[in-house]
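For reference, the structure discussed in these notes is given below.
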Amino acid sequence: MPTVVPPALIIAVPLLVGAALILTRFRLAGLRHAYRETEAVLRSVLRLPPASGRVCAIRCPRCCRWVKPRRFDLRRMSCRSCISTLARPGRGGDLCL
């Protein structure tokens with residue numbers, strides 16, 4: 001007897017698999033960053049040379065967000081979003097003294 005697969009299942013399964021992959025990707029990215037930070041600290045404590053490899057993200061010291069290297073300005077030591085908001089006054093309107 002042939003097995004009948006409902007069309008809703010054919011559409012739903014790839015969507016659920018894609019959503020699961022996206023969620024695990026974000027979690028794994030956070031774990032990868034934490035691992036690399038820990039490795040950098042251990043290497044500096046043990047006075048070892050820095051790990052070889054390419055830089056995939058830089059943590060902005062102002063907002064503590066991970067950004068891609070092309071979105072980080074080394075001269076100003078902050079990301080593009082921090083640079084764009086540095087000189088702007090708050091949205092409150094009045095000056096608080």
Side-chain angles (χ1 to χ4, degrees):
M1 194 165 193
T3 305
V4 178
V5 178
L9 188 61
I10 294 172
I11 295 170
V13 169
L15 290 175
L16 291 173
V17 169
L21 286 174
I22 288 173
L23 290 175
T24 56
R25 181 177 169 192
F26 288 135
R27 288 184 187 152
L28 290 178
L31 289 174
R32 184 175 58 235
H33 292 313
Y35 170 75
R36 287 187 180 162
E37 277 187 339
T38 306
E39 182 185 16
V41 168
L42 285 175
R43 284 182 168 273
S44 67
V45 166
L46 298 174
R47 297 183 189 267
L48 296 173
S52 62
R54 63 187 174 125
V55 175
C56 63
I58 299 173
R59 183 173 240 165
C60 177
R62 294 185 189 271
C63 63
C64 295
R65 287 178 30 202
W66 288 99
V67 293
K68 294 184 178 182
R70 67 176 178 261
R71 298 195 174 272
F72 190 80
D73 189 2
L74 286 173
R75 191 181 69 196
R76 296 178 181 152
M77 287 302 292
S78 52
C79 63
R80 284 187 188 173
S81 61
C82 288
I83 291 170
S84 65
T85 58
L86 282 179
R88 293 187 184 169
R91 297 193 176 237
D94 293 333
L95 181 63
C96 296
L97 298 175

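Any value given below was found using the heavy atoms of this structure, including those in side chains, with hydrogens, waters and symmetry copies removed.
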Legend entry - By side-chain contact (heavy atoms from CB on, under 4.5 Å) - contacts of Leu48 (at least two apart): Arg43, Leu46
Legend entry - Under 4.5 Å side-chain linkage, directly or through intermediates, the cluster mates of Val45: Val41
Side-chain donor/acceptor pairs under 3.5 Å, residues 56-80, sequence neighbours excluded:
residue: Arg59; atom: NH1; partner: Glu37; partner atom: OE1; Å: 3.4
residue: Arg59; atom: NH1; partner: Glu37; partner atom: OE2; Å: 2.6
residue: Asp73; atom: OD1; partner: Arg75; partner atom: N; Å: 3.3
residue: Arg80; atom: NH2; partner: Arg70; partner atom: O; Å: 3.3

